[in-house]
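In each ligand, atom 1 is the first atom listed, and ligand 1 is the first ligand listed.
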Amino acid sequence: MANINDKNLKLAVQKQGRLTDETLEFLRKSGLEFESYKQRLLASCRNFPLEIIYVRDDDIPDYVASGTVDLGILGQNILNEESPKIKKLLNLRYGFCSLTVAVPKESEIKDIKELKGKTIATSYPESTKRFFKENNIPVEVVNISGSVEIAPALGVAQAIVDLTSTGSTLVLNDLRALTKVYDSEAVLITNEKTLKNHKKDLLEKLIMRFKGVLSAKDYKYVMMNAPEKVLPKIKKIIPGLKSPTVSSLATKGWFSIQTVIKEDMFWETIEKLKNVGASGIIVLPIEKMII
Ligand code: ATP
Ligand code: ZN
């Protein structure tokens, strides 16, 4: 195994699983260059003092809490089961899923209240117990580490609490969702030690890079042309970061306008711009945005 430089930041990521591809893609988008072939357990970044350690996602909270590594990327769902020694730094906007309560498709249960006194199988016992306690529904919770979906068919439980994203795993196992316990996504975590020690400055640099990628994802760069008389209307519509850039075109009385638009208001804004007379609208993805 390669040597670990103690001055470098250490980041634990999932070695092989649902978060792996998107995590590596996110790190690369942040400008980090590193190896990631299958057998690899450790990789040093070529252009940033960072070591990437590939592990099982369940081990990441312990590695971070004990200070074995400085940072980790894992699902919020795992964090919700764990010790408060860990500090969340960022939501990473991928790995979306929900912890869901489900019953067999043909079950008569329509409401979670009807689960009173029943047995629930899950790999998320803490979240499950908390959820039913908050809802004042006494249930029996059995902890199963894998293949929770088959527990009802085996007669081990009358309902399950498990992660879903599209719901296709539930359908495949003849299960029906009753309600959601919480939503989850990939998060970046650290520990108190790293936030205070000599690696603090490096961590800030890395976070700035990560935030640059995250903000870029939320915005689009938009260019358009418009005659002078509609410029005031356009400026009112564009809820840009600052005021838009306006420059005159070769055709007299016409201007080119450049700005950024938030993804969630995108279509609404573009329609309004068209309606007031903007034309030649060009939309570009933003690679990075430092605000
Ligand atoms: P490991 O071998 O590392 O322990 P695992 O089997 O525990 O892996 P995966 O199934 O690879 O874990 O899921 C990793 C994470 O991906 C989950 O903890 C969750 O945050 C996220 N995720 C996203 N969508 C889903 C989904 N549909 N089902 C389960 N997890 C999902
Ligand atoms: Zn796991």
Side-chain angles (χ1 to χ4, degrees), residues 10-29 36-43 51-66 68-69 71-84 86-103 105 120-131 141-153 157 159-190 210 214 217:
K10 288 184 230 112
L11 164 70
V13 302
Q14 192 185 23
K15 182 171 162 55
Q16 205 168 24
R18 289 181 206 256
L19 292 179
T20 308
D21 287 350
E22 281 180 287
T23 297
L24 300 182
E25 191 192 317
F26 176 75
L27 296 175
R28 293 215 159 93
K29 270 195 191 154
S36 62
Y37 51 86
K38 285 257 151 61
Q39 286 76 28
R40 198 94 212 200
L41 298 177
L42 178 78
E51 321 273 349
I52 297 170
I53 294 123
Y54 300 96
V55 296
R56 283 200 59 188
D57 64 352
D58 312 63
D59 295 333
I60 296 178
D62 279 348
Y63 279 146
V64 173
S66 65
T68 309
V69 300
L71 298 162
I73 292 180
L74 77 175
Q76 171 75 46
N77 49 292
I78 294 185
L79 216 53
N80 291 355
E81 290 285 303
E82 293 287 336
S83 76
I86 294 163
K87 274 198 76 82
K88 180 163 103 179
L89 291 171
L90 288 175
N91 282 4
L92 300 176
R93 315 305 292 147
Y94 63 84
F96 292 107
C97 56
S98 312
L99 192 67
T100 306
V101 184
V103 291
K105 203 171 63 186
I120 323 267
T122 186
S123 309
Y124 294 86
E126 296 308 319
S127 305
T128 302
K129 283 179 203 158
R130 217 180 304 140
F131 175 77
V141 175
V142 288
N143 188 2
I144 296 182
S145 59
S147 305
V148 171
E149 311 86 3
I150 64 161
I160 65 157
V161 171
D162 204 9
L163 292 176
T164 59
S165 43
T166 56
S168 56
T169 317
L170 291 184
V171 174
L172 214 66
N173 289 286
D174 291 328
L175 295 165
R176 164 165 57 83
L178 269 190
T179 190
K180 195 162 73 180
V181 177
Y182 58 65
D183 288 319
S184 176
E185 67 184 276
V187 294
L188 176 72
I189 57 167
T190 188
F210 287 170
L214 291 169
K217 226 172 157 182

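- Between K15 and L41, some side-chain heavy-atom pair lies under the 4.5 Å cut-off.
- For ligand 1 and G95, the ligand atoms under 4.0 Å from any heavy atom of the residue are 23 (C).
- Taking all heavy atoms of L79, N77, T23 into account, the minimum distance to atom 17 (C) of ligand 1 is reached by N77.
- With hydrogens left out, the protein atom closest to atom 2 (O) of ligand 1 is R56 NE, 3.5 Å, a heavy atom.
- Of all the listed residues (L19, I78, T100), L19 holds the heavy atom that lies closest to atom 16 (O) of ligand 1.
- Not a single protein heavy atom sits closer than 4.0 Å to atom 6 (O) of ligand 1.
- Atoms of ligand 1 lying under 4.0 Å from at least one heavy atom of G75, given by number and element, are 20 (O).
- Within the 3.5 Å criterion, the main-chain N or O of D57 finds no donor-acceptor partner in the side chain of Q14.
- Only one option out of S184, S127, S123 pairs with N77 in a side chain to side chain donor-acceptor pair (under 3.5 Å); it is S184.
- Using a 4.0 Å cut-off to heavy atoms of S165, the atoms of ligand 1 that qualify are 24 (N), 26 (C), 27 (N).
- Crowding of Y182 atom OH: a count of heavy atoms from other residues, nucleotides or ligands under 6.0 Å exceeding 12.
- With respect to E25 and K29, a salt bridge is recorded, a charged nitrogen being found less than 4.0 Å from a carboxylate O.
- The nearest heavy-atom contact from the protein to atom 4 (O) of ligand 1 is D58 OD1, 2.6 Å.
- Side-chain atoms of E81 come within 3.5 Å of backbone atoms of E126 as a donor-acceptor pair (strictly under, hydrogens ignored).
- For atom 10 (O) of ligand 1, the candidate residues are K15, Q14, R18; the nearest heavy-atom contact is made by R18.
- Remark: the T100 side chain and the S98 side chain contain no N/O donor-acceptor pair separated by less than 3.5 Å.
- Closest protein heavy atom to atom 1 (P) of ligand 1: D57 OD1, 3.4 Å.
- Between the K88 side chain and the L79 main chain, no donor and acceptor come within less than 3.5 Å of each other.
- Residue G17 has at least one heavy-atom neighbour below 4.0 Å for each of these atoms of ligand 1: 11 (O).
- A donor atom on one side chain and an acceptor atom on the other are found under 3.5 Å apart for N80 and Q76.
- Taking a cut-off of under 4.0 Å to the non-hydrogen atoms of F96, the atoms of ligand 1 that pass are 23 (C), 24 (N).
- Of the protein's heavy atoms, C97 CB, 3.5 Å lies nearest to atom 24 (N) of ligand 1.
- Among the candidates V141, V181, I160, the single residue satisfying the side chain to side chain contact (heavy atoms under 4.5 Å, CB included) test with T122 is V141.
- The N, O or S atom of D57 with the smallest distance to the Zn ion (ligand 2) is OD1.
- Restricting D58 to its N/O/S atoms, the shortest distance to the Zn ion (ligand 2) is reached by OD1.
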